[in-house]
Amino acid sequence: MSCPASARVGERERRRGCQRARCQRWNHTRSSGPSQIHLHPRTRVVPLSSSTWMLQAACTSRFLHIGSTVRSSILKRRGFPLPPRIHSSWRRRTALETYMLAVTLDEWKKKLESPNREIIILHNPKLMVHYQPVAGSDEWGSTPTEQGRPRTVKRGVENISVDIHCGEPLQIDHLVFVVHGIGPACDLRFRSIVQCVNDFRSVSLNLLQTHFKKAQENQQIGRVEFLPVNWHSPLHSTGVDVDLQRITLPSINRLRHFTNDTILDVFFYNSPTYCQTIVDTVASEMNRIYTLFLQRNPDFKGGVSIAGHSLGSLILFDILTNQKDSLGDIDSEKDLLNIAMDQGDAPTLEEDLKKLHLSEFINIFEKEKVDKEALALCTERDLQEMGIPLGPRKKILNYFRTRRDSVGASGSAAQSASGARTPKESEVHSSADDARSREYLDVGIGQVSVKYPRLIYKPEIFFAFGSPIGMFLTVRGLKRIDPNYKFPTCKGFFNIYHPFDPVAYRIEPMVVPGVEFEPMLIPHHKGRKRMHLELREGLTRMSMDLKNNLLGSLRMAWKSFTRAPYPALQASESTEETEAAEPESSAEKPCDVNAEETSVAVKEEVPPINVGMLNGGQRIDYVLQEKPIESFNEYLFALQSHLCYWESEDTVLLVLKEIYQTQGVFLDQPLQ
């Protein structure tokens, strides 16, 4: 009989020999790079945690039969990270055998729990979820019972509910800069302009695939690139927030912060100081992005358009109004300046200052090397920085403004004599407002002391979403826009708004103030009108028909009642008269019906309305169709309607349609 100790030693040696033999049978190859272990094709070794690592390694049955020491040495030699140690009470083989048992018996939804409260749920061969406990306790000493965020392990790309985007077309047909409105957030989810423009771009890609499918198949079009322009951050980085915080009351802190960060942007734009900052930021940012875009896309040959939401549309409107048409305008300004300098024996700067009794400031101008021509270009801020007091500043500015007006009058007379065109700003103002708007002719639309920078490109179309342009122009004192006025460098202008948008205003009534007409209804992107609008129009038409028929029948009954009675002796005559009256009445009825039909036809066939040249003779105001739920209470959806443009398919489709029409590309099926 053998000794138990020697039997145990022999058993141990036998096990080690088996392990070495199994290790030699381990299927591995060597390549030119680092050595790799040939695991099962569905296996990925990801060291998330001890239990997850072991479960993923259990996909191959051969890995189960190797001892832990041999297994660790193999992984260490092959460059794989070693798994972390698992709690001693939770055996590794338990987790591995559970997974293999589930694979063999095809029984899933297995739940494994370790003493340290780690939980692993095996859903299927390709999906397992690892829950880790939440460490620590709250201030009352109680331990949280809920699990932390799970770690999900998936193998392959099958049965994964993830929509993998196919990518964007490389060809870019058109570039659109999008300027945001007030505040840092652009929708009800408090997203930035970058995120909202990303949604706008995604909607445009989907609509291109559905409404421009033929053009895409023929490779006529690529896509339209929308790029955001942010001016809120540079404005509030000037230190104005610190000044506002110093004077803000401590009560209702969140509401006051929202007011300072959002609503005050409207007042900043009406301030000459901060208006200059906003205008410079928007123009310089668009020029910078355009230059950078051309550097990264040297083959781009498409056009450029601009779009603005809320206050951003007003900023773009002011910038476009103050652009110069071409280099010819600059030459005309130089000619006017030459006329001013060559007009007779012009006095010197010293003589002008003597005439104004300001000779003591001649040394300041000589020190700054400011001659008469440079002084004519100085603003009040420039004079203030040179140390000129308020009174002399006003005298100097008024003197040169008067000379400029007289020179402008002589220059316009010379231009009219030579057949040249008058300045653009005079086209905006009506003749009745000439006297009052005379001091605003330098900037054109009521914004005083603001120098508008020039854009390095000419926008083709200007889209305004939920725009208050009409209100601001009215507040600035502009009652009417000349029908012949158009932007110097932009051909198209579309004012797009939601019917319940509290910030949006119309533009066409300022061009044609004496005519009342409805805006253009934007068709639904799936065609036709929305069902509730068609039902509403059908009920309205039905009620009108019933009303007209009822009035016609009442009119005929009233005529029959008021007809004079005839005596019985004249029965034969009465019968003849009635017979003669019947054809007359029958002749009157179709006349009435025809008159009513013609009136309805006249109502339906609205004659074309001349809305001026601001949009090249086309309509300017375009209104969206409200959703059925929005028609129940327009006050509840007022704020949402002002922020709905970023994900509106109807808005994006109108933008794409107008852009591609300039390139001769049209929708597959025209919308009704």
Side-chain angles (χ1 to χ4, degrees), residues 305-308 313-326 328-329 332 408-409 412-413 415-416 419-447 452 458-497 504-522 602 605-623 654 658 661-662:
S305 297
I306 56 178
S313 62
L314 178 65
I315 299 171
L316 295 177
F317 183 86
D318 292 342
I319 292 177
L320 289 179
T321 306
N322 291 272
Q323 293 297 298
K324 300 301 180 182
D325 188 5
S326 61
D329 292 336
S332 63
S412 62
Q415 286 182 353
S416 61
R421 188 175 176 181
T422 56
K424 302 292 184 303
E425 293 83 356
S426 61
E427 298 176 359
V428 184
H429 299 275
S430 60
S431 58
D433 298 334
D434 285 343
R436 183 178 57 184
S437 63
R438 187 175 181 180
E439 58 179 333
Y440 303 125
L441 286 179
D442 292 339
V443 292
I445 50 177
Q447 290 292 86
Y452 290 91
K458 291 186 178 181
E460 294 185 3
I461 307 176
F462 169 36
F463 299 98
F465 306 141
S467 173
I469 293 176
M471 181 269 293
F472 271 87
L473 294 181
T474 304
V475 170
R476 293 174 183 176
L478 185 65
K479 294 183 177 180
R480 182 175 179 269
I481 299 177
D482 193 341
N484 296 324
Y485 175 75
K486 59 182 179 180
F487 292 122
T489 58
C490 186
K491 300 178 181 179
F493 175 40
F494 291 87
N495 182 32
I496 304 171
Y497 61 92
Y505 288 83
R506 294 190 61 183
I507 298 294
E508 291 175 344
M510 298 189 68
V511 183
V512 191
V515 182
E516 294 184 1
F517 51 93
E518 296 294 328
M520 290 291 293
L521 185 66
I522 300 177
V602 169
E605 296 179 1
V606 180
I609 303 172
N610 183 15
V611 292
M613 299 303 297
L614 196 56
N615 192 22
Q618 301 179 5
R619 295 293 299 272
I620 302 174
D621 295 334
Y622 288 79
V623 60
L654 177 62
E658 296 299 332
Q661 275 185 358
T662 60

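Hydrogens, waters and symmetry mates are skipped; everything else that's a heavy atom, side chains included, is used.
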TODO: List the steps, then state whether ring pair (Phe, Tyr, Trp, His ring centres under 6.0 Å) holds for Tyr497 with Tyr622.
DONE: CA-CA 7 Å; Tyr497 61 92; Tyr622 288 79; 9.3 Å; no
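- Qualifying side-chain hydrogen bond (donor to acceptor under 3.5 Å, both in side chains) partners for Asp621, counting only residues two or more places apart in sequence or in other chains: Asn495, Arg506.
- Shown here for Met613 and Lys486, the closest heavy-atom pair between the two residues is O-CB, 3.3 Å.
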Task: Intermediate values then yes/no, side chain to side chain contact (heavy atoms under 4.5 Å, CB included), Met520 and Arg619 - done: CA-CA 7 Å; Met520 290 291 293; Arg619 295 293 299 272; 3.5 Å; yes
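- Under the side-chain contact (heavy atoms from CB on, under 4.5 Å) criterion, Val511 pairs with Ile481, Pro483, not counting sequence neighbours.
- In this structure, Ile496 and Leu654 have side chains that are in contact, with non-hydrogen atoms separated by less than 4.5 Å.
- Note that CD1 of Ile319 and CZ of Phe487 are 11.5 Å apart. Values are rounded to the nearest 0.5 Å.
- Side chain of Glu508 to backbone of Ile620: a donor-acceptor contact under 3.5 angstrom is found.
- Separating the CD1 atom in Ile306 from the CZ atom in Phe493 is a distance of 10.0 Å, to the nearest 0.5 Å.
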Name each donor-acceptor pair under 3.5 Å that joins a side chain in residues 459-475 to protein atoms two or more places apart or in another chain, with its distance.
{"from": "Ser467", "atom 1": "OG", "to": "Ser313", "atom 2": "OG", "distance (Å)": "2.8"}
{"from": "Ser467", "atom 1": "OG", "to": "Ile469", "atom 2": "N", "distance (Å)": "3.2"}
{"from": "Thr474", "atom 1": "OG1", "to": "Gly470", "atom 2": "O", "distance (Å)": "2.8"}

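- For Gln618 against Val611, the heavy-atom pair with the smallest separation is O-CG2, 3.0 Å.
- Screening residues 608-617 for side-chain hydrogen bond (donor to acceptor under 3.5 Å, both in side chains), with sequence neighbours left out, gives no hits.
- By the 4.5 Å heavy-atom criterion applied to side chains, Glu658 and Phe494 are counted as neighbours.
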